[in-house]
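Notes follow the structure.
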Amino acid sequence: MNETLIFIPARSGSKRIKNKNIRKINGKPLIYWTIKYAKKYAKNEDIFVSSDSRIINQLSVNEKVKFLKRPKSLSGDNANVYFAVVHALKKIDNKKKYKYIALLQPTSPLRPKEMISNGIKVLKKNKNFQNLIHLERTYNKIGFLSKKNEWQPLYDYTVRGQDIANQFRPSGCLFLYLRKDFENLKKLIKRKNYGFIQKEKIETVNIDNEEDFVKLKYLLKNKDVG
């Protein structure tokens, strides 16, 4: 794992849930659980937390991982996490030693064991892919409302939910990138993304609302995770 940079993005702002990255869950800030996971598989010196929050800064210091102060221009609601990673790479002195960048979202703290190393093995084996995204299967039937409040489904009415066989979404657990040419956005957007689904079954949570916090609290208390 010495060749992998672990990047944990954690800006302070959040519209739906205020300060969710530092919201206490089982007595610990939400971001703590992702740092804890990262420390099982990487050295502290290879784990970087990017944030504009003083609280997260202090937490990173307490956990003895690297902290990178993110400028306000990269911390707003419309900020693209890609540019936060680029900002981090400019600040890291020994960035050349890293072959991979593993981005772990604090809002998806439940992860399969050995997920990062398994993802790296997949990329090494599949040379035509430069990125890897951890996915989870979903059977949700979704759609959108038109300006006139007309419901527009994004699925076939004739297909039952249990019969949806090839529908997945990013779990938020892992976004893995080859380090080479990462700062070149034009090249990056042309890369192929490997859809990574592990055999190990683990229920993930991507914190987006209050119900997700309730579910996470239960799973952390009753499951062996990470």
Side-chain angles (χ1 to χ4, degrees), residues 1-10 31 33-50 60 63-66 68 80-138 165-206 223-226:
M1 291 291 290
N2 289 345
E3 62 183 356
T4 304
L5 183 160
I6 308 296
F7 184 82
I8 303 175
I31 189 176
W33 299 101
T34 291
I35 294 175
K36 179 184 178 182
Y37 179 92
K39 290 171 71 173
K40 289 183 179 180
Y41 304 108
K43 294 181 179 179
N44 288 8
E45 64 188 36
D46 297 323
I47 302 171
F48 295 84
V49 175
S50 169
S60 302
E63 292 298 319
K64 299 180 181 179
V65 298
K66 300 291 185 179
L68 297 168
N80 189 322
V81 71
Y82 163 79
F83 294 106
V85 179
V86 172
H87 170 262
L89 290 173
K90 291 178 180 178
K91 299 293 183 179
I92 298 172
D93 294 331
N94 58 345
K95 61 185 177 183
K96 289 185 178 180
K97 82 169 187 174
Y98 297 116
K99 187 174 180 180
Y100 301 96
I101 300 170
L103 190 153
L104 309 181
Q105 291 185 173
T107 49
S108 300
L110 303 182
R111 296 177 168 88
K113 296 176 180 178
E114 305 292 345
M115 176 190 61
I116 303 173
S117 55
N118 288 337
I120 290 172
K121 289 177 184 177
V122 170
L123 281 187
K124 286 183 175 180
K125 184 178 180 180
N126 298 272
K127 300 294 185 180
N128 56 325
F129 289 93
Q130 298 79 40
N131 301 341
L132 177 146
I133 301 176
H134 186 269
L135 301 175
E136 61 184 7
R137 189 181 298 274
T138 174
N166 192 29
Q167 184 169 289
F168 300 87
R169 64 181 180 185
S171 68
C173 292
L174 172 66
F175 298 87
L176 185 63
Y177 309 96
L178 275 175
R179 162 74 182 82
K180 184 180 179 182
D181 294 329
F182 184 90
E183 296 97 320
N184 189 320
L185 183 57
K186 289 183 179 180
K187 288 185 177 181
L188 185 73
I189 59 179
K190 293 180 180 179
R191 289 184 177 186
K192 292 183 178 181
N193 296 286
Y194 187 98
F196 183 44
I197 305 166
Q198 284 198 242
K199 293 181 180 179
E200 178 190 358
K201 299 298 182 182
I202 180 172
E203 191 167 4
T204 62
V205 179
N206 195 334
K223 302 289 184 179
D224 175 25
V225 296

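A donor-acceptor contact shorter than 3.5 Å is absent between the side chain of Lys66 and the backbone of Ile92. A donor-acceptor contact shorter than 3.5 Å links the side chain of Asn184 to the backbone of Lys187. Counting only distance, with no hydrogens or angles, the side chain of Tyr41 and the backbone of Lys113 share no donor-acceptor pair below 3.5 Å.
Taking the six-membered ring for Trp and thresholds of 30 and 60 degrees, Tyr177 and Phe175 have nearly parallel ring planes, at less than 30 degrees apart. Ring geometry for Phe196 versus His134: interplanar angle over 60°, hence perpendicular rather than tilted (30 to 60°).
Here the side chains of Ser50 and Phe7 are in contact, with some heavy-atom distance below 4.5 Å. In this structure, the side chains of Asp46 and Tyr98 come closer than 4.5 Å at one or more pairs of heavy atoms. The shortest distance between side-chain heavy atoms of Trp33 and Leu110 does not fall below 4.5 Å. Looking only at side-chain heavy atoms (C-beta outward), Leu103 and Pro9 come within less than 4.5 Å of each other. Put simply, the side chain of Val65 reaches to within 4.5 Å of the side chain of Lys39, judged on heavy atoms.
Paired with Glu3 under the rule salt bridge (Lys or Arg N to Asp or Glu O under 4.0 Å), one option of Arg179, Lys124, Lys180, Lys95 passes, and it is Lys124.
Taking CD of Glu114 as the reference point, atom NZ of Lys40 lies at 10.0 Å (rounded to 0.5 Å). For the atom pair Ile8 CD1 and Phe48 CZ, the distance stands at 11.0 Å (nearest 0.5 Å). Annotation: the span from Ile120 atom CD1 to Leu174 atom CG amounts to 8.5 Å, rounded to 0.5 Å. With rounding to the nearest 0.5 Å, the separation of CG in Leu176 from CG in Asn118 is 11.0 Å. Between Leu89 atom CG and Leu68 atom CG the span is 9.5 Å, to the nearest 0.5 Å. Between the CG atom in Leu135 and the CD1 atom in Ile197 there is a gap of 5.5 Å [rounded to 0.5 Å].
Nearest heavy-atom pair, Asn206 versus Ser171, reported as atom, atom and distance to 0.1 Å: ND2-O, 3.5 Å. For the pair Leu104 and Cys173, the tightest heavy-atom approach, listed with the atom from each and the gap, is CD2-O, 3.3 Å. When all heavy atoms are compared, the tightest approach of Leu178 to Arg191 is O-NH1, 3.1 Å. Of all non-hydrogen atoms in Pro106 and Pro109, the two that sit nearest each other are O-CD, 3.7 Å. Heavy atoms only, all atoms of each residue included: Tyr82 and Glu183 are closest at OH-O, 2.9 Å.
In this structure, Lys97 places its NZ atom where more than 12 heavy-atom neighbours from other residues, nucleotides or ligands lie under 6.0 Å away. Heavy atoms from other residues, nucleotides or ligands lying under 6.0 Å from CG of Asn128 number more than 12.
Using a 4.0 Å cut-off between a side-chain N of Lys or Arg and a carboxylate O of Asp or Glu, Arg169 and Glu136 qualify as a salt bridge.
With 3.5 Å as the limit, one finds a donor-acceptor pair spanning the side chains of Thr34 and Arg111.
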